[in-house]
Novice: 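Just dropping this structure here.
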Amino acid sequence: MENRELAAMFEEMADILEIKGDNPFRIRSFRRVAEALHSLNFNVAAAIVENPEKVRAVPGIGEGTIRKISEVVATGQCEEHQRLRAEIPASALPMLDLQGLGPKRIGLIWSSLGVSTIDELEAAAREHRLRGVPGIGEKTEASILKGIEDYRRTQGRLRLDQALTATAPLLEHLREDQSVLRLDTAGSIRRRRDTIGDIDILVATSEPEKAIQRFLSYPGIRTVLVGGGTKASITLSKGVQADLRVLEEQSFGAALQYFTGSKDHNVAIRERAKRRGLKVSEYGVFRVEDNQKLAGEDEDGIYRLLDLQPIPPELRENRGEIERAELGTLPRLIEESDIRGDLHMHTTASDGRDTAEDMAQAGIAKGYEYIALTDHSKALSMIGGLDEEAVLRRCREIDRLNEIIGRIRILKGMEVDILGEGELDLSNEVLAALDIVIASVHSHFNMAPEKMTERICRALQNPYVNILAHPTGRILLRREPYAFDFKEVFRVAIENKVMLELNSYPDRLDLKDAHLRLAKEMGALISINTDSHSAAMLRFMTYGIYTARRGWLEAEDVVNTYSLPRLLAVLKKQAYR
DNA sequence: GCCGTTTTCGGCCCGACTGTTTTCAGTCG
């Protein structure tokens with residue numbers, strides 16, 4: 001049993017208890033358990049049998065949790081979990097994902113109107129029955145409808161990390177079959193888009209039926225939609241659809257090219273082929289006059305045959321990549337191995353799970369030359385943000401840690417809140433003591449765009465600010481970016497030698513691809529950071545790199561590919577790029 | 001439910017905003 005399966009159980013129990021109005025601290029501790037389970041790098045179900053003390057030592061996991069996990073490992077389920085599920089219909093839980101509607105009102109609406117699904121909720125709102133519920137008026141009813149609308153718009157899509165996590169075991173399952181000769185993902189998942197509609201998988205085999213059967217025997221299937229001779233479609237647990245296409249090895253490259261898309265890219269490629277008397281299909285590249293097949297087994301060969309540099313999947317959006325490939329001047333896209341450090345992470349000093357030393361050791365394990373510890377400032381009092389005095393104390397601790405560890409340079413940093421008028425949450429005197437200052441917006445998201453632009457620009461003009469973190473504040477599939485004038489903000493950042501962040505946290509990926517490219521073209525320097533809240537999250541760098549590649553970034557565009565001396569010069573504003 | 005002590009029970013991250021109230025509850029971050 002995987003940690004995430006156990007985590008899902010604790011999350012669901014927390015959700016139900018919340019609607020029931022149970023003890024909030026008990027709910028919070030269930031959520032903490034779920035978080036802990038996600039961040040641990042060993043299998044808890046196995047460990048609890050072999051070495052329970054190891055599990056018991058995890059902060060947030062106590063006797064009650066040990067009991068529940070042991071019960072699940074022994075019997076396959078947890079009695080309390082089953083009992084709770086019987087009390088609140090599972091169909092009510094997705095209502096918790098609606099913005100503007102919380103557990104209290106869900107509980108109230110359920111008990112007074114019997115509404116237990118989003119569909120019923122929508123009907124009740126449209127018929128103005130919600131206003132009869134105590135504490136709900138016209139405006140709340142309208143805001144609930146808006147919440148439902150937003151929810152429907154994003155439903156059925158997965159974040160890239162969720163899609164990759166769902167796909168990996170399925171690919172593994174297919175790979176174990178002898179008849180599978182070649183195997184890859186296609187579609188938006190291969191292009192590494194930030195969200196994914198469905199999962200496309202291609203298999204080359206000489207025994208199509210066997211490969212299809214293997215696919216349909218995957219244990220993670222929820223429903224089988226189609227199961228034909230050359231293709232099959234299933235849905236997985238989160239309702240996401242996975243499509244398999246089976247083909248012969250000699251057309252695998254052509255199929256990969258065809259099914260990777262994007263649609264616009266393929267249209268342009270096929271037009272180009274047509275002008276050259278060629279025809280491109282999912283079976284290969286053919287000469288029109290005699291239908292002779294000229295390429296198809298490998299994907300690069302298709303591009304070469306059209307006198308193009310092979311185009312990395314991340315660039316295939318028909319945004320100029322074909323013209324550049326013709327000239328042979330495609331960017332040499334950044335790779336994860338170019339990264340020498342991570343400049344945004346949190347520790348136990350504010351809302352991180354691990355200590356400064358833990359983070360440093362994790363950085364060393366990744367082969368980094370430097371990291372920056374950037375805990376939150378005091379405006380975020382709810383998560384223990386640091387005030388001036390605490391920052392200075394923290395600096396002394398990091399100095400000591402640098403002396404002890406030695407193998408990696410730990411930069412003294414802070415993630416400082418940009419307050420409502422653009423002023424920073426810490427005094428310049430204290431900022432001057434730091435190696436690196438990250439500025440970010442965590443409040444007042446729905447300002448007028450002009451006001452937001454002014455606010456951010458004012459913060460960027462502070463001489464100590466080095467990085468503007470997660471510049472648009474978007475949360476994928478949940479929160480829209482806040483509105484401001486990108487070009488103006490980028491311009492002011494460049495003028496003040498401030499870097500723009502590509503936040504690799506998988507539900508942010510902010511800046512996004514198009515904005516990265518714009519920033520690069522304007523001359524901005526980017527910093528790709530994980531915003532880790534635990535040592536395990538340093539792996540999120542992978543997602544940042546995917547997005548960076550979609551934004552056409554090369555190593556030279558990214559400050560944390562620079563050597564330490566060069567980075568320090570940028571941080572002191574003696575250099576930019 | 002977890003934790004840490006004051007070692008076995010009491011505290012557990014808080015402040016702003018909104019809409020609905022007529023003095024505050026619910027939601028969000």
Side-chain angles (χ1 to χ4, degrees), chain A residues 6-7 9-37 55-71 78 80-81 84 95-112 125 130-147 150 346 348-353 375-387 390 415 417-421 425 440-447 469-470 473-475 478-480 482 505 507-508 531 533:
Chain A
L6 288 168
M9 179 184 89
F10 283 99
E11 271 157 19
E12 191 170 292
M13 287 170 71
D15 286 346
I16 297 173
L17 288 168
E18 223 172 355
I19 295 178
K20 274 171 53 91
D22 206 271
N23 175 3
F25 299 109
R26 186 159 181 258
I27 294 166
R28 184 190 303 163
S29 76
F30 279 144
R31 297 210 190 280
R32 281 194 66 199
V33 168
E35 273 175 45
L37 287 166
V55 182
R56 184 66 183 82
V58 175
I61 294 188
E63 290 309 325
T65 303
I66 295 284
R67 239 189 343 268
K68 290 188 181 67
I69 296 177
S70 303
E71 191 187 338
C78 161
E80 186 179 358
H81 180 219
L84 287 173
M95 284 198 261
L96 287 164
D97 292 331
L98 299 174
Q99 291 287 302
L101 184 65
K104 287 275 156 48
R105 287 197 177 126
I106 292 173
L108 198 58
I109 292 169
W110 177 53
S111 58
S112 52
L130 290 184
R131 344 186 144 164
V133 177
I136 295 182
E138 202 175 321
K139 293 203 174 161
T140 303
E141 195 174 65
S143 110
I144 289 172
L145 270 177
K146 165 90 169 53
D150 289 346
H346 299 269
T348 47
S350 64
D351 60 345
R353 278 192 65 85
D375 278 298
H376 288 290
S377 63
K378 62 181 187 292
L380 296 178
S381 54
M382 66 213 176
I383 43 101
L386 279 57
D387 63 13
E415 180 180 11
D417 261 53
I418 299 175
L419 305 179
E421 301 295 324
D425 187 33
S440 53
V441 168
H442 288 121
S443 61
H444 305 98
F445 295 116
N446 38 12
M447 274 185 173
H470 42 75
R474 74 168 180 175
I475 304 292
R478 271 205 6 243
R479 189 172 77 203
E480 292 294 310
Y482 37 80
Y505 215 81
D507 61 4
R508 288 192 183 269
D531 201 351
H533 285 68

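Each chain gets a letter, A, B and so on, in the order its sequence line appears, and its residues count up from 1. Atoms considered below: every heavy atom in the structure, side chains included; atoms not considered: hydrogens, waters and symmetry mates.
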Novice: What contact category does A:P103 fall into here, base, sugar-phosphate, or nothing, at under 4.0 angstrom with non-hydrogen atoms?
Specialist: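 Here A:P103 touches the backbone only, sparing every base.
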Novice: Rounding to an integer number of angstrom, what distance separates B:dT5 and B:dG1 when you compare their P atoms?
Specialist: 22 Å
Novice: For B:dT18 versus B:dC12, give the span between their C1' atoms, rounded off to a whole number of Å.
Specialist: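 Pairwise C1' distance, B:dT18 against B:dC12, rounds to 27 Å.
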Novice: Given the C1' atoms of B:dG26 and B:dT20, what is the spacing between them in whole Å?
Specialist: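 So the two C1' atoms sit 10 Å from each other.
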Novice: Between the protein and nucleotides 3-9 of chain B, which nitrogen or oxygen pairs are less than 3.5 angstrom apart?
Specialist:
residue : atom : partner : partner atom : Å
B:dC3   : OP1  : A:G60   : N            : 2.8

Novice: For A:R28 and for A:E80, locate the closest nucleotide of DNA chain B by heavy-atom distance; then report the residue assigned to the nucleotide nearer the 5' terminus.
Specialist: A:E80
Novice: Pair up each side-chain donor or acceptor in residues 59-71 of chain A with any protein partner under 3.5 Å, not counting sequence neighbours, and list the distances.
Specialist:
residue : atom : partner : partner atom : Å
A:E63   : OE2  : A:R56   : NE           : 2.7
A:S70   : OG   : A:I66   : O            : 2.7
A:E71   : OE2  : A:E79   : N            : 2.6

Novice: Expressed in whole Å, how much space separates the P atoms belonging to B:dA16 and B:dG10?
Specialist: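 Pairwise P distance, B:dA16 against B:dG10, rounds to 31 Å.
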Novice: Where does B:dT18 land, syn or anti, once you apply the within-90°-of-0 test for syn?
Specialist: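 Anti.
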Novice: Over all strands shown, is A:D351 touching base, sugar-phosphate only, or nothing at heavy-atom distances under 4.0 angstrom?
Specialist: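 Answer is nothing: A:D351 stays at 4.0 Å or more from every strand.
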Novice: Taking the C1' atom in each of B:dC14 and B:dT21, what is the distance between them to the nearest angstrom?
Specialist: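 So the two C1' atoms sit 23 Å from each other.
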Novice: Quick one: label A:L98 by what it contacts on the DNA or RNA (base, sugar-phosphate, nothing), any heavy atom closer than 4.0 Å.
Specialist: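 Sugar-phosphate only.
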Novice: Does A:K68 make a side-chain N or O approach to OP1 or OP2 of B:dG1 shorter than 4.0 Å?
Specialist: yes
Novice: Examine B:dT20: is either OP1 or OP2 under 4.0 Å from a nitrogen or oxygen in the side chain of A:T140? Give yes or no.
Specialist: yes
Novice: B:dA16 phosphate, OP1 or OP2: any side-chain N/O from A:H444 under 4.0 angstrom?
Specialist: no
Novice: Does A:L380 reach a base, just sugar-phosphate, or nothing at all? Heavy atoms under 4.0 Å.
Specialist: nothing
Novice: Quick check for you: among B:dT20, B:dG1, B:dG29, whose closest atom lies nearest to any side-chain atom of A:K139?
Specialist: B:dT20
Novice: Does a side-chain N or O of A:T65 approach OP1 or OP2 of B:dC2 to a distance below 4.0 Å, or not?
Specialist: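 Result: yes.
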